[in-house]
Enquirer: 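Before I ask anything, here is the structure I am working with.
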Amino acid sequence: MIAGCATQVGAAAQAITNGSVDTGDPAVIGLVAAAGNVGCTATVIEAHTAITAAHCVAGRVPLELRALFGTDVTTGTLISISGAQVDPAFDSATLANDLAMLTLREASPGGEIAMGPGDGPVGTTVGTVGFGTTTSTATDGGTKRSGTAKVSDVQPTELTAMPDPAQPCHGDSGGPMLLGGSVVAVASRGDIACSDHAVYARIDVALADFVMPYLTATGSGTQATGRACLYEGECANGACLVTKDDPDVFFCSQACTHDSDCPATMMCASDGCRYPEPSPGALGSPCTDGTTCSTGLCREMVCTRSCLIDASACPAGYECSGSGLELDCFAKPGGGCSGCATGGGEPAGLVIIVAGLLRCARGRRSGRSARPRDSRAARS
């Protein structure tokens, strides 16, 4: 399962009991961790956007996750997840407002599912889909299964469903509650035995202050030259290029002939405007916190990565230094890493938004009174 911050997800992660293997529902996807296991489920709601449970991604660098399209983890198609944002109203202690948005680096090959209202009356039969296990003690997750449940309680921000005969279990967190062909809520938590009930976070109550602002902020053509980009087509003036010094950092470029054709902090290259290395957000670049670094780690105001376990994690021009549990990669003095920061002092140059990196959400206790920060704030 995918853990998040201090969330006790052992009792929260969900999978489908009493269901059947689902070779359809192509817009319902699995979230695959670095180890190759499917820890949660999500639903594609636009070509590059999916919705899932907040506790599936809170506290993680989303670039570690991949989206699984298909029926089984052994045969499906994997697509990179380039960005994520947890609902600022999420409470990691109670799992209230358990919603998060994801952006896919490539367009969904499985289409999308529309969002619908989540106020169906008690007794309504709903569909449930996920990649989890078939019982609370099974280890057969990683295959998409579906079944039906019945709404047993309707609350302002949540729906509760009882098995009819299916119910989410371990690995189905973030999976959809389907009603009338639309996704109306996502699986959040349930009883530890996966036999009595499951609680879903309603999507409709989060549309105005979380879901739609994220869709607007990450829409096609919304990013100017120099800004981070989550997918090809998000840039207003040109291509979404990957930096040459970090495969996880992408930025908007534009055609150029001379340096003067580019923003002041960029220079003209053969394929368009680029940043001088180290690129903002890449290893060795200045930072204020981990949200501006592709690795999620900022130490001594420099983007770095841990070398505690493996000193060879540091590339050429860097050395593993520090003390105790803080052993990280820093540029060697005179080590040939031109422009790389070595730690200390004020960060220099432009720190741009870096795609999809976020810190653990510290959600408010309940309700939706506060406006969330813009989805781009998770990448600044």
Side-chain angles (χ1 to χ4, degrees), residues 12 14 16-17 19 22 25 27-29 40-46 49-56 85-92 94-102 111-130 146-169 172-191 194 196-216 361 363-372 375:
Q14 300 290 313
I16 303 300
T17 64
D22 187 348
D25 295 308
V28 178
I29 60 177
C40 279
T41 303
T43 306
V44 178
I45 57 174
E46 285 197 358
T49 310
I51 192 165
T52 188
H55 74 261
C56 291
Q85 185 178 338
V86 168
D87 187 341
F90 172 58
D91 187 327
S92 61
T94 66
L95 296 186
N97 305 307
D98 195 3
L99 294 171
M101 304 294 289
L102 305 173
E112 57 197 60
I113 297 178
M115 296 177 288
D119 56 354
V122 170
T124 300
T125 297
V126 294
T128 184
V129 186
S146 61
T148 56
K150 186 171 292 186
V151 175
S152 59
D153 187 46
V154 178
Q155 295 296 324
T157 62
E158 296 177 338
L159 298 173
T160 301
M162 59 187 294
D164 190 34
Q167 177 179 312
C169 197
D172 289 330
S173 284
M177 174 184 283
L178 299 173
L179 178 61
S182 299
V183 53
V184 299
V186 302
S188 173
R189 59 196 185 274
D191 64 288
C194 306
D196 182 74
H197 71 281
V199 179
Y200 290 75
R202 289 175 56 170
I203 297 174
D204 57 344
V205 297
L207 282 176
D209 57 2
F210 175 55
V211 176
M212 296 310 298
Y214 185 90
L215 292 173
T216 298
R364 284 171 280 277
R365 284 286 163 180
S366 62
R368 313 195 59 82
S369 58
R371 297 286 297 179
S375 63

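Here the structure is a predicted model, which is why all the values come from computation and not from measurement. Heads up: numbering here begins at 1 and tracks the sequence.
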Enquirer: Just wondering, do E158 and R189 contact through their side chains at under 4.5 Å, heavy atoms?
Expert: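 Yes - at least one pair of side-chain heavy atoms lies under 4.5 Å apart.
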
Enquirer: Give, for atom CG of L159 and atom OG of S152, the distance between the pair rounded to the nearest 0.5 Å.
Expert: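 If I round to the nearest 0.5 Å, the distance is 9.0 Å.
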
Enquirer: What's the shortest heavy-atom distance between A54 and A100, and which atoms?
Expert: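 Here A54 and A100 meet closest at CA-CB, 3.7 Å.
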
Enquirer: Can you see which heavy atom on A27 is nearest to which on I113, and at what distance?
Expert: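 A27 and I113 have their closest heavy atoms at CB-CG1, 3.6 Å.
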
Enquirer: L99 and A206: which non-hydrogen atoms are nearest, and at how many Å?
Expert: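 Heavy atoms of L99 and A206 come nearest at CD1-CB, 3.6 Å.
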
Enquirer: Any donor-acceptor pair under 3.5 Å linking the side-chain atoms of D196 with those of Q167?
Expert: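 No - no donor-acceptor pair under 3.5 Å links their side chains.
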
Enquirer: In sequence, state the C-alpha distance, the side-chain angles, and the governing distance for M101 and D87, and then conclude on side chain to side chain contact (heavy atoms under 4.5 Å, CB included).
Expert: CA-CA 8 Å; M101 304 294 289; D87 187 341; over 6 Å; no

Enquirer: Is there side-chain contact between M177 and T128, with heavy atoms separated by less than 4.5 Å?
Expert: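 The answer is no, as the side chains (C-beta and beyond) never meet within the 4.5 Å cut-off.
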
Enquirer: Could you tell me if the side chain of I203 sits less than 4.5 Å from the side chain of I51, heavy atoms only?
Expert: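 With C-beta onward as the side chain, the pair touches.
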
Enquirer: Counting distance only, does the side-chain N/O of T216 pair as donor-acceptor with the main-chain N or O of M212 below 3.5 Å?
Expert: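 The answer is yes, because a donor-acceptor pair under 3.5 Å joins these two groups.
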
Enquirer: Passes side chain to side chain contact (heavy atoms under 4.5 Å, CB included), V151 versus M162? Steps please.
Expert: CA-CA 6 Å; V151 175; M162 59 187 294; over 6 Å; no

Enquirer: Quick one: closest heavy-atom pair of S173 and S188, and the distance?
Expert: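 The pair with the smallest heavy-atom distance is OG-O, 3.9 Å.
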
Enquirer: Any side-chain heavy atom of H197 within less than 4.5 Å of one from V199?
Expert: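 Yes, side chains in contact.
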
Enquirer: Is it the case that the side chain of D25 and the backbone of V28 share a donor-acceptor pair, with hydrogens and angles ignored and the cut-off at 3.5 Å?
Expert: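 No, D25 side chain to V28 backbone: no donor-acceptor pair under 3.5 Å.
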
Enquirer: State the CG-OG distance between D204 and S182, to the nearest 0.5 angstrom.
Expert: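 Output value for this atom pair is 11.5 Å.
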
Enquirer: Are the side chains of K150 and V126 in touch, meaning some heavy atoms are under 4.5 Å apart?
Expert: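 Not touching, per the 4.5 Å side-chain cut-off.
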
Enquirer: So H55 and V86, do their side chains get closer than 4.5 Å, heavy atoms only?
Expert: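 Of all side-chain heavy-atom pairs linking H55 with V86, none is under 4.5 Å.
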
Enquirer: Do T49 and Y214 meet the criterion of a side-chain donor-acceptor pair at a distance under 3.5 Å?
Expert: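 Absent: no donor and acceptor within the cut-off.
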
Enquirer: Work out which heavy atom in T52 is nearest to a heavy atom in V186; give both atom names and the distance.
Expert: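 For T52 and V186, the tightest heavy-atom pair comes out as O-CG2, 3.9 Å.
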
Enquirer: Compare every heavy atom of V184 with every heavy atom of G118, then report the nearest pair and how far apart it is.
Expert: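 Scanning both residues completely, I find the closest heavy atoms to be CA-CB, 3.9 Å.
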
Enquirer: Test side chain to side chain contact (heavy atoms under 4.5 Å, CB included) on V44 and E46; report intermediate values, then the result.
Expert: CA-CA 6 Å; V44 178; E46 285 197 358; 5.9 Å; no

Enquirer: Within the structure provided, determine whether M115 and T43 are in side-chain contact (heavy-atom separation under 4.5 Å).
Expert: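 Counting from C-beta outward, M115 and T43 never come under 4.5 Å.
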
Enquirer: I'd like to know if the side chain of N97 reaches the main chain of A89, judged simply by a donor and an acceptor atom lying under 3.5 Å from each other, with no hydrogens or angles considered.
Expert: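 Yes, N97 side chain to A89 backbone: donor-acceptor pair under 3.5 Å.
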
Enquirer: Measuring only between side-chain heavy atoms, which start at C-beta, is P168 closer than 4.5 Å to Y200?
Expert: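 In contact.
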
